[in-house]
Amino acid sequence: MDHVTMPDPWAGAVQDIIAAGRRMDRFGWVPATAGNISRRLPDGRIAITRSGGHKGHLAEDGVIAVTLDGQAVRAGDRPSAETLLHCQLYAHSDAYSPEGRAEEIGAVLHGHSVAATVLSMLPGEAILLTGYEVLKVFAGQDTHDTTVRVPVFDNDQDIARLSRVVAPHLGAMPAGYVIRGHGVYVWGRTMDVALARLEGLEFLLACELERRKLAP
Ligand SMILES: [Zn+2]
C-alpha cells in the first residue's frame with residue numbers, strides 16, 4: 001500500500017479527542033476549562049488534551065503526546081496534572097478484568113458534571129446504582145437486576161497521592177470512578193466504548209440525583 005494512503009494514528013487520535021470534547025460539551029460535562037480526554041496510540045504514546053482550554057472547542061494543537069509515565073514527548077508541552085490518572089489506567093489495563101483477562105484500555109474520559117459533583121459531596125465511599133436498565137452498558141453487566149458500585153475518592157490536588165488511593169480498586173470499577181466534588185473518570189477499549197460508558201454513567205448519576213430530590 002502506498003504510504004500516503006496509510007491512516008495516520010496520531011491524526012485519528014486527535015480527531016477522536018476533538019469529537020469527544022464536543023460531545024461532552026453538548027451535555028455540559030466540561031464547563032470552563034474542566035475535564036480531559038486521552039487516547040492511546042499503537043506505538044504506546046498517549047494523545048491527551050493539554051492543560052487549560054475549553055474541551056468543547058479543541059483545535060489540533062490542543063492535544064499533546066505524553067509517555068506512559070506522563071512526561072510530554074515534545075519539550076515545552078505542558079500536560080495537565082491529571083494526566084497521571086490517565087496514564088495509571090493505561091498502565092494497569094492488563095489488570096482490569098473480572099476474569100483476569102486483559103481488557104485493553106484505549107481511551108480515557110474525565111468530565112465535571114453537575115450530577116457527579118453534587119452526588120459525590122454526600123457522605124460515603126461509593127455511589128450505588130441499583131435496578132437501572134442502563135447498567136447493562138458497563139462491562140460484565142447483563143441485567144438491570146444488579147447493583148453497580150461507583151467508588152468515590154476524596155479530591156486531592158496532589159495527583160500522585162490520589163493515584164495511590166485509586167490503585168487498589170483498578171480491577172473492579174466497571175462504571176469508572178468519581179472524585180469527590182470534582183468529576184468522573186471513565187474508560188474503554190475504544191473512544192466509542194468510553195463515550196458510551198460515560199454517557200451511561202452520567203445518565204444514571206442524573207437519575208440518582210432526581211430520585212433523591214423526590215425522596216431525600
Ligand atoms: Zn478534573
- [ ] Might you point out which heavy atoms bring H86 and N36 nearest each other, and give the distance in Å?
- [x] NE2-OD1, 2.5 Å
Task: Nearest atoms (heavy-atom pairs only) where P151 meets R149 - done: CD-O, 3.5 Å
Any donor-acceptor N/O pair, [X] side chain to [Y] backbone, under 3.5 Å:
| X | Y | value |
| --- | --- | --- |
| R161 | D156 | no |
| Y90 | V108 | yes |
| S120 | A116 | yes |
| R78 | G52 | no |
| R39 | V14 | no |
| R50 | I64 | no |
| H110 | G183 | no |

Going only through I, L, V, M, F, W and Y residues with side-chain contacts under 4.5 Å, is there a path from [X] to [Y]?
| X | Y | answer |
| --- | --- | --- |
| L68 | L162 | yes |
| M173 | V148 | no |
| I179 | L89 | yes |

Open item on the list: Any carboxylate oxygen within less than 4.0 angstrom of a Lys/Arg side-chain nitrogen, looking at D77 and R74?
Closed with: yes
Open item on the list: Within a 6.0 Å radius of atom CZ on F203, are there more than 12 heavy atoms belonging to other residues, nucleotides or ligands?
Closed with: no
Task: Residues that E133 engages under side chain to side chain donor-acceptor pair (under 3.5 Å), provided they are two or more places apart - done: K136
Open item on the list: Does L109 form a side-chain contact (heavy atoms from CB on, under 4.5 Å) with W187? I'd like the steps, not just the answer.
Closed with: CA-CA 6 Å; L109 301 168; W187 50 90; over 6 Å; no
